[in-house]
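These notes concern the structure reproduced below.
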Amino acid sequence: MAIKIKKRNPARDVEPGENADSEPVVEPEVDQVLAVSQDSFGWLSENWQKVVAGIAVVVVGIGVGSTLRAGSVASRAEAAQPALRAIATTVAAVGNEAPYATGADRAAAIVAAADEIGDGPVASALSGVGKLAQDDASGAVAGLDAFVQQFADAPESLAASFGLAAAQAQAGQLDAARATLDSVGERDEALAVVAATQGARLVDAFGTPEQALAAYREVVAAHGDAPGRAALDNRITQIEIQLGVAAAPAPDEGSAPTE
């Protein structure tokens, strides 16, 4: 509910002998729901690279394990070095007196590390992560999709699918991004709520407000006990206010949501 806040203008404080007949100053209407949920749900558009960055550590770790299982001890240690350097690159600090001055520098180093590893799913995944951080969404889709397809029957592809969906959304492939996350929920029931919520956030970041409202309502309808339900409800309310539409009725009212 919008709350009007009346604030006295310090310039109008009346001193003895002054005329006090002026009207109080009324500040513009402030909506607390708008203020709170705007902060909460600006997260994805500002941090989608961070969501994907951790995936590099997972997928590269898989590659390191595979590398170390092949050949002699000496050859295994030597062969693992590029992948180990790649892991160090993905988690290296950025900033003053850090290994990389900017995120762009680190992204370039990640792509270079992928090239050093050569062909294979680990290189593909690393390249995808680095290119996503460079805003090369199409290149990121190609790299991450190659990894997901290679490990389609392995749990590791579930983690990489979140990165792939982010890249697809950034590349303008929003339907494909949601389909990728739907497949995560279908394959692992424990991740269904997380995947559905992430899908709605991608729609919020890269789609229209109408699409975002429908997506959030779908999550709440399908997963009423979803973690962070209050934040989802707040975001729904914000978009309803923004679009000037009525709130969806409660489930026991038996009516369809108002779009």
Using every non-hydrogen atom in the two residues, find where A195 and G185 come nearest and quote the distance to one decimal. CB-N, 4.3 Å
State the CG-CZ distance between L126 and F147, to the nearest 0.5 angstrom. 10.0 Å
Listed partners of S138 passing side-chain hydrogen bond (donor to acceptor under 3.5 Å, both in side chains), at least two apart: none
Is there a side-chain contact between V194 and F162 in this structure, where contact means two heavy atoms from C-beta onward sitting under 4.5 Å apart? yes
Measure the spacing between OG1 of T197 and CG of L191 and express it to the nearest 0.5 Å. 11.5 Å
Please check: side-chain N/O of R229 versus main-chain N/O of V220, any donor-acceptor pairing under 3.5 Å? no
With a 3.5 Å cut-off and no angle check, do the side chains of R187 and S161 form a donor-acceptor pair? no
Indicate the atoms forming the closest heavy-atom contact of A160 with V148, along with that distance. CB-CG2, 3.8 Å
Check step by step if side chain to side chain contact (heavy atoms under 4.5 Å, CB included) holds for Q134 and V111. CA-CA 9 Å; Q134 292 177 323; V111 173; 3.6 Å; yes
Atom CG of L213 and atom CD1 of I236: how far apart are they, to the nearest 0.5 Å? 7.0 Å
Flag yes if more than 12 heavy atoms outside D175 fall under 6.0 Å of its CG atom; otherwise flag no. no
Residue pair A140 / K131: nearest heavy atoms and the distance that separates them: N-CB, 3.9 Å
CD on E240 to CD on Q238, rounded to 0.5 Å: 10.5 Å
Smallest separation among heavy atoms of A177 and A165, with atom names: CB-O, 3.3 Å
Pair R178 + D182: basic N to acidic O under 4.0 Å: no
Between N234 and T237: side-chain donor-acceptor atoms closer than 3.5 Å: no
Between L132 and A167, which heavy-atom pair has the shortest distance, and what is it? CD1-CA, 3.8 Å
Applying side-chain contact (heavy atoms from CB on, under 4.5 Å), can you list everything that pairs with A146, at least two apart in sequence or on another chain? S124
Minimum heavy-atom separation for V141 and Q173, please, with both atom names. CG1-OE1, 4.3 Å
Under the 3.5 angstrom rule, does the side chain of S157 hit a backbone N or O of F151 as a donor-acceptor pair? yes
Shared hydrophobic cluster, Y216 / L243 (ILVMFWY, side-chain heavy atoms < 4.5 Å): yes
If you measure from CD1 on I239 to OG1 on T208, what distance do you get to the nearest 0.5 Å? 9.0 Å
Q168 and its side-chain contact (heavy atoms from CB on, under 4.5 Å) partner, picked from T180, L174, L181, L202: T180
How far does CG of D233 sit from CZ of R217, to the nearest 0.5 angstrom? 11.5 Å
